[in-house]
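Below is one structure, written out as structure tokens; the observations come after it.
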Number of protein chains: 2
Amino acid sequence: MGLNPTMNDVAREANVALKTVSRFVNGETNINPILAARIADAISTLGYRRNLAAASIRPGWTSKTLGLVIGDLANPYYSVLTRAIESYARSRGYLVISASSDENGVQHDLLVDRLLEQRIDGLIVVPPTEAGRDWSTIPPPIPPLVLLDRPLDVPAADVVIADNTGGAREGVAELVRNGCRRVAWISDSPSIYTVRERYAGYRQALEESGIPFDESLVTTTAHTSEDAAAAVANAMRSSGADAIFAGNNRASVGALLAFRDNGRLPLIGFDDFEAAQLSTPAVSVVSPDIPEMGRLSAELVLDRVAGSTRPPVTHMLPTKLTLRGSERV
Amino acid sequence: MGLNPTMNDVAREANVALKTVSRFVNGETNINPILAARIADAISTLGYRRNLAAASIRPGWTSKTLGLVIGDLANPYYSVLTRAIESYARSRGYLVISASSDENGVQHDLLVDRLLEQRIDGLIVVPPTEAGRDWSTIPPPIPPLVLLDRPLDVPAADVVIADNTGGAREGVAELVRNGCRRVAWISDSPSIYTVRERYAGYRQALEESGIPFDESLVTTTAHTSEDAAAAVANAMRSSGADAIFAGNNRASVGALLAFRDNGRLPLIGFDDFEAAQLSTPAVSVVSPDIPEMGRLSAELVLDRVAGSTRPPVTHMLPTKLTLRGSERV
DNA sequence: TTGTATGCGTTATCAT
DNA sequence: ATGATAACGCATACAA
């Protein structure tokens, strides 16, 4: 291994002053070509690499690093989000340290603290399902912060969310437009923000169509695809459902599983998933623009890192209804 | 925002020496309880957070950070890998900076350089499809390095790969055991390491079964699912194939697409994918243990970070054949 | 244009 | 047990 050569080593090797090497490394122009050449030589013979960690502790300098706390990187939703953030950040010279909270508030808080200690320049966070500590108890200064996917009451933070209510409303309305009158709702628990929002859209669509609400068509206990499959089967057999709206992709998968044994019903799901296009007929979905949500978050946080003092904003991004066939029979 | 309080600020506030605060923060025990309490108070009133970047430049101290360069985080294969690495790393106190190369050698090299400058303690790398610069041209010292998924001739590096050849061989043999004699091979280009290895397994299985090799059954130009679908359709119509072995999950998806219009053939694919379990019949696959590959990589690199000088090893992890029904009719 | 001296926030040495 | 001082690798006033 050996030790890492420092700027001082380069200076000695090239027979110039430390400061001249610093200038060279930082790409300043006012520098004697002769010395520059000597320095370049010294750098390559020594294999010098600058130590960004050391540079970052100087006043006015930063780590050129962003922190990101999500639920679970193995979940395609989060990995696509993370990739979008990474891409935009890198286009502006930033690296991303991402960490998974497993939706656990304690773990989430630990990660936030660690990232703060690592002196990331900005922070993007998807608040965990099991709420963590109140942000107001974290002593300032806190670097630029973006709340992603789920809003929270943090005065200084920008917020980027999807129009969950509008999306669900549009999806349900499409089913109704196709003649369905008894649309079943299948989802996870309403204690989850996105579920609440989407469910509100379901209710809105029914109301706007003058369709009476029937509680027996609603399931909000489907935590897994298997749960959802059972709920869908039940809605078909016992509740006289004539269509299914799936509140997330696990619920959609559950519906497909249920359809194997029980025939099929018109179906629209929230959130896209890989299998949606392969099933027959392909599954129609309303889905947020995940890459754009990621990109925008990174842009907002980096603008603030760069000095923007614009008042905090909440961006609610529209969803998109993709009709693939499953919305009718 | 305001500035970040430093250890010095805490010392002044608590009326103790800088070093005492350092001791307190680093959890040393030999410290007067009275002073400790004063320090704790000062820390919380000032909202002091330790600056790990500053700490890391001290000799013998490190960034407690791992670098990871993969192909594309939005690809489930890589995101599951990354998640496994992240989990293990965090269990040992490390954060992970991951970056996507898009399989582009130039971008890959840029990222490696940047991570080296950021002074990550260890590096895990999936060498890009389009080869980057030779590692031997990177001047030492290079931190502990693990080559993941694809081997490369780097003397000091540990290597973690899957048994691609053995896996493909097992999958093809299963099709043969079910009576198939004309197994078509559908894959991406053999310029890709994993493709080459898997294809070798295909050839081995044929040879061991005494089945003559027929070039007309082989397609190695399927870069997308659509390409693969066309190739599968062609194999069914023109080449008299009686089974399909898909060299990766895009090829598997292509086969499913082709089956829509052309009936179906026994199918086994390499690499698992979400839709595999939803299709009817569910798709059988041979797949590497991705989480274990990630975990092992992180373990190897962190053991070296912790001082292990064990000679470099190559771990070839076994694959698993999951039979779900598609292997017969 | 080049160099000297100082400081960033932290830990380590060595005295007290 | 505690503290003054130096050092880590780097950048920046300020001098030369």
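So you know, we letter chains A, B, ... as the sequences are listed, proteins then strands, and number each from 1. Just so it is clear, the values below take in all heavy atoms, side chains as well, and ignore hydrogens, waters and symmetry mates.
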*Check every nucleotide of DNA chain D for an atom under 4.0 Å from a heavy-atom of chain A, then give the first and the last such nucleotide from 5' to 3'.*
D:dG9 to D:dT12
*Does A:R295 count as lying over the ring of A:Y88, i.e. NZ or CZ under 6.0 Å from the six-ring centre, within 45 degrees of the axis?*
yes
*Give A:L18 one of three labels, base, sugar-phosphate or nothing, depending on what nucleic acid heavy atoms sit under 4.0 Å from its own.*
base
*State, yes or no, whether a side-chain contact exists between A:L66 and A:E86 at a heavy-atom distance under 4.5 Å.*
no
*Considering only heavy atoms of chain B and a distance under 4.0 Å, specify the first and last nucleotide of DNA chain C in 5' to 3' order that meet this criterion.*
C:dG9 to C:dA12
_One pair to check against side chain to side chain donor-acceptor pair (under 3.5 Å): A:R83 and A:S79. What are the steps and the verdict?_
CA-CA 6 Å; A:R83 177 56 158 111; A:S79 62; over 6 Å; no
*Option passing side chain to side chain donor-acceptor pair (under 3.5 Å) with A:Y77 (candidates A:D149, A:T82, A:D72)*: A:D149
*Under 3.5 Å, is there a donor-acceptor pair between the B:Q118 and B:S63 side chains?*
no
*Test side-chain contact (heavy atoms from CB on, under 4.5 Å) applied to B:L123 and B:V301, step by step*: CA-CA 7 Å; B:L123 191 54; B:V301 81; 5.8 Å; no
*Given DNA chain C, 5'-ward residue of the pair B:W61 and A:P59, judged by closest heavy atom*: A:P59
*asked:* Would B:I85 and B:V96 count as a side-chain contact (heavy atoms from CB on, under 4.5 Å) here? Give the steps.
replied: CA-CA 8 Å; B:I85 291 169; B:V96 176; 4.2 Å; yes
*5'-most contact on DNA chain D: B:R119 or B:L35, nearest heavy atom basis?*
B:L35
_Sugar-phosphate, base or nothing in reach of A:F24, heavy atoms under 4.0 Å_ = nothing
*Which residue, B:I57 or B:K19, contacts DNA chain C at a nucleotide closer to its 5' end, judged by nearest heavy atom?*
B:I57
*asked:* Just to be sure I understand the rule, does A:R23 reach a base, reach only the sugar-phosphate, or reach nothing, if contact means heavy atoms closer than 4.0 Å?
replied: base
*With a 4.0 Å cut-off on heavy atoms, is A:I31 in touch with a base, just the backbone sugar-phosphate, or nothing at all?*
sugar-phosphate
*Tell me what B:V16 touches on the nucleic acid: a base, only sugar-phosphate, or nothing, going by heavy atoms under 4.0 Å.*
sugar-phosphate
_Pairs where residues 113-128 of chain B contributes a residue and the test salt bridge (Lys or Arg N to Asp or Glu O under 4.0 Å) is met, not counting sequence neighbours_ = B:D113-B:R133
*asked:* Using the rule given for side-chain contact (heavy atoms from CB on, under 4.5 Å), can you reason through A:L111 versus B:R90, listing the C-alpha separation, both sets of side-chain angles and the distance that settles it, and then say yes or no?
replied: CA-CA 10 Å; A:L111 288 169; B:R90 205 153 71 238; 3.4 Å; yes
